[in-house]
Participant: 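After the structure tokens below, expect a handful of questions from me.
Basis for what follows: all heavy atoms, side chains included, without hydrogens, waters or symmetry-related copies.
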Amino acid sequence: MTSRILESERLYLRPYTWDDLGELRRLNSDPEVMRYLGGVESEDATRAMLRDRILAYYDANPGLGVWATHRKADHAHLGFHLLNQVREGNEIQVGYRLYPEHWGQGYATEMARALLRYGFEERQLPEIVAMADVGNTASRHVLEKIGLVWYRQHPYVGLDCHWYRTSREAWLAAAG
């Protein structure tokens, strides 16, 4: 089994490999998953994402990336979580993309919290941001639950998004 990057109570993250192209394609072609992400992606776009934005990113940015999210109990692939650089920006973002059958079970929140802890405690990041389409109230709720604070409405990759952030100082103070 490929090494685990991070674990939470019920989940673990592991690096993607080329063997995961089918799962990533299934995730990116699901209309419900992609509803607030600009629409479904083609197989070619998913292949390019895996090559350029996932696999190449691991080597260029050790300790950051997009990782496959799995449930510990049965090793089911639930989607992905990320902690990486915002495209065309300098900020580090936290994010997630899960299959609809895994929505509403706290998985996005659980691992996003673990990624904040990892980012601030182990990576010593000064700030972490996130963004969600203005219409995606469920995702915006997750970002607020993990302690990120809305600070602007601004386009991202062609979408009208709410942007959230928290600093290492604010997160450490809230974590107690």
Participant: In this structure, would Leu172 and Val94 fall into the same cluster of hydrophobic residues linked by side-chain contacts under 4.5 Å?
Facilitator: yes
Participant: Can you see which heavy atom on Pro100 is nearest to which on Asp30, and at what distance?
Facilitator: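 Minimum heavy-atom contact is CD-OD2, 3.6 Å.
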Participant: Return yes if some donor-acceptor pair links the side-chain N/O of Glu7 with the main-chain N/O of Arg4 below 3.5 Å, else return no.
Facilitator: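 Not confirmed, Glu7 side chain does not pair with Arg4 backbone.
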Participant: Within a strict 4.5 Å, meaning less than it, do heavy atoms of the Thr166 and Ile146 side chains meet?
Facilitator: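 Counting from C-beta outward, Thr166 and Ile146 never come under 4.5 Å.
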Participant: Would you confirm whether Arg53, through its side chain, and Gly65, through its main-chain N or O, come within 3.5 Å as a donor-acceptor pair?
Facilitator: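 No: the side chain of Arg53 does not pair with the backbone of Gly65.
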Participant: Could you check whether any side-chain heavy atom of Met111 comes within less than 4.5 Å of a side-chain heavy atom of Tyr12, counting everything from C-beta outward?
Facilitator: no
Participant: Do Met49 and Tyr36 share a hydrophobic cluster (ILVMFWY, side-chain heavy atoms under 4.5 Å, transitive)?
Facilitator: no
Participant: Without swapping roles, check the side chain of His70 against the backbone of His75 for a donor-acceptor pair under 3.5 Å.
Facilitator: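 Answer holds: yes.
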Participant: Closest approach of Thr17 and Leu50, non-hydrogen atoms and distance?
Facilitator: O-CD2, 3.8 Å
Participant: Do the numbers put Arg97 on top of the ring of Phe80, so that NZ or CZ is under 6.0 Å from the six-membered ring centre and no more than 45° off the axis?
Facilitator: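 No, cation not above the ring by the 6.0 Å, 45° rule.
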Participant: Could you check whether any side-chain heavy atom of Ile128 comes within less than 4.5 Å of a side-chain heavy atom of Leu116, counting everything from C-beta outward?
Facilitator: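 Of all side-chain heavy-atom pairs linking Leu116 with Ile128, at least one is under 4.5 Å.
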Participant: Strictly below 4.0 Å, N to O, side chains only: are Arg168 and Glu127 in salt-bridge contact?
Facilitator: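 Looking at Arg168 and Glu127, the cut-off is not met.
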Participant: Does the side chain of Arg47 come within less than 4.5 Å of Leu21's, by heavy atoms?
Facilitator: yes
Participant: Does the side chain of Leu64 come within less than 4.5 Å of Gln85's, by heavy atoms?
Facilitator: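 They are not in side-chain contact.
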Participant: Do Val66 and Tyr16 have side chains that get closer than 4.5 Å, going by heavy atoms?
Facilitator: yes
Participant: Taking the six-membered ring for Trp, is the centroid-to-centroid distance between Tyr99 and His77 below 6.0 Å?
Facilitator: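 Yes: the rings meet the under 6.0 Å criterion.
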Participant: Look at the side chain of Trp150 and the backbone N and O of Arg152, then say whether any donor-acceptor pair between them is shorter than 3.5 Å.
Facilitator: yes
Participant: Do Leu24 and Met34 share a hydrophobic cluster (ILVMFWY, side-chain heavy atoms under 4.5 Å, transitive)?
Facilitator: yes
Participant: Membership question, hydrophobic clusters at under 4.5 Å side-chain separation (ILVMFWY): are Leu37 and Trp103 in the same one?
Facilitator: yes
Participant: Tell me, do Trp163 and Val86 make a side-chain contact under 4.5 Å, heavy atoms counted?
Facilitator: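 They are in contact (side-chain heavy atoms under 4.5 Å apart), so the answer is yes.
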Participant: Find out whether Trp67 and Arg14 are in side-chain contact, i.e. whether some heavy atom of one side chain is under 4.5 Å from a heavy atom of the other.
Facilitator: no
Participant: Considering non-hydrogen atoms only, spot the tightest contact between Leu82 and Leu115 and give its length.
Facilitator: O-CD1, 3.6 Å
Participant: Has the side chain of Lys72 got a donor or acceptor atom that lies under 3.5 Å from a matching backbone atom of Ser8?
Facilitator: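 It does hold such a pair.
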Participant: Do the rings of Trp171 and Phe120 sit parallel, tilted or perpendicular, given the 30° and 60° boundaries?
Facilitator: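 Tilted, since the angle between the ring planes falls between 30° and 60°.
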Participant: Say you draw a straight line from CG of Leu83 to CG of Leu125; how long is it, rounded to the nearest 0.5 Å?
Facilitator: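 Answer rounded to 0.5 Å: 6.0 Å.
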Participant: With a 4.0 Å cut-off on N to O distance, would you call Glu23 and Arg26 a salt bridge?
Facilitator: yes
Participant: Run the side-chain hydrogen bond (donor to acceptor under 3.5 Å, both in side chains) test on Tyr107 and Arg71 for me, step by step, so that the C-alpha distance in whole Å, both residues' side-chain angles and the decisive distance to 0.1 Å come before the verdict.
Facilitator: CA-CA 9 Å; Tyr107 295 137; Arg71 189 170 39 220; 3.3 Å; yes
Participant: Which pair of non-hydrogen atoms, one from Ala170 and one from Ser167, has the smallest distance, and what is that distance?
Facilitator: N-OG, 3.0 Å
Participant: In Å, rounded to the nearest 0.5 Å, how long is the span from CZ of Arg117 to CG of Leu6?
Facilitator: 7.0 Å
Participant: Give the cluster check for Leu159 versus Val40: same hydrophobic cluster or not, with ILVMFWY residues linked at side-chain heavy-atom distances below 4.5 Å.
Facilitator: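 No, separate clusters.
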Participant: What's the verdict on side-chain hydrogen bond (donor to acceptor under 3.5 Å, both in side chains) for His162 and Tyr151, showing C-alpha distance, side-chain angles and the deciding distance?
Facilitator: CA-CA 8 Å; His162 283 283; Tyr151 73 102; over 6 Å; no
Participant: Are the side chain of Glu110 and the backbone of Glu9 linked by a donor-acceptor contact shorter than 3.5 Å?
Facilitator: yes
Participant: Side-chain polar contacts of residues 129-144 - donor-acceptor pairs under 3.5 angstrom, sequence neighbours left out - could you list them?
Facilitator:
| residue | atom | partner | partner atom | Å |
| --- | --- | --- | --- | --- |
| Asp133 | OD1 | Gly135 | N | 2.8 |
| Asn136 | OD1 | Ser139 | N | 3.1 |
| Ser139 | OG | Tyr96 | OH | 2.8 |
| Arg140 | NE | Tyr164 | OH | 3.3 |
| Arg140 | NH1 | Val134 | O | 2.5 |
| Glu144 | OE2 | Tyr164 | OH | 3.3 |

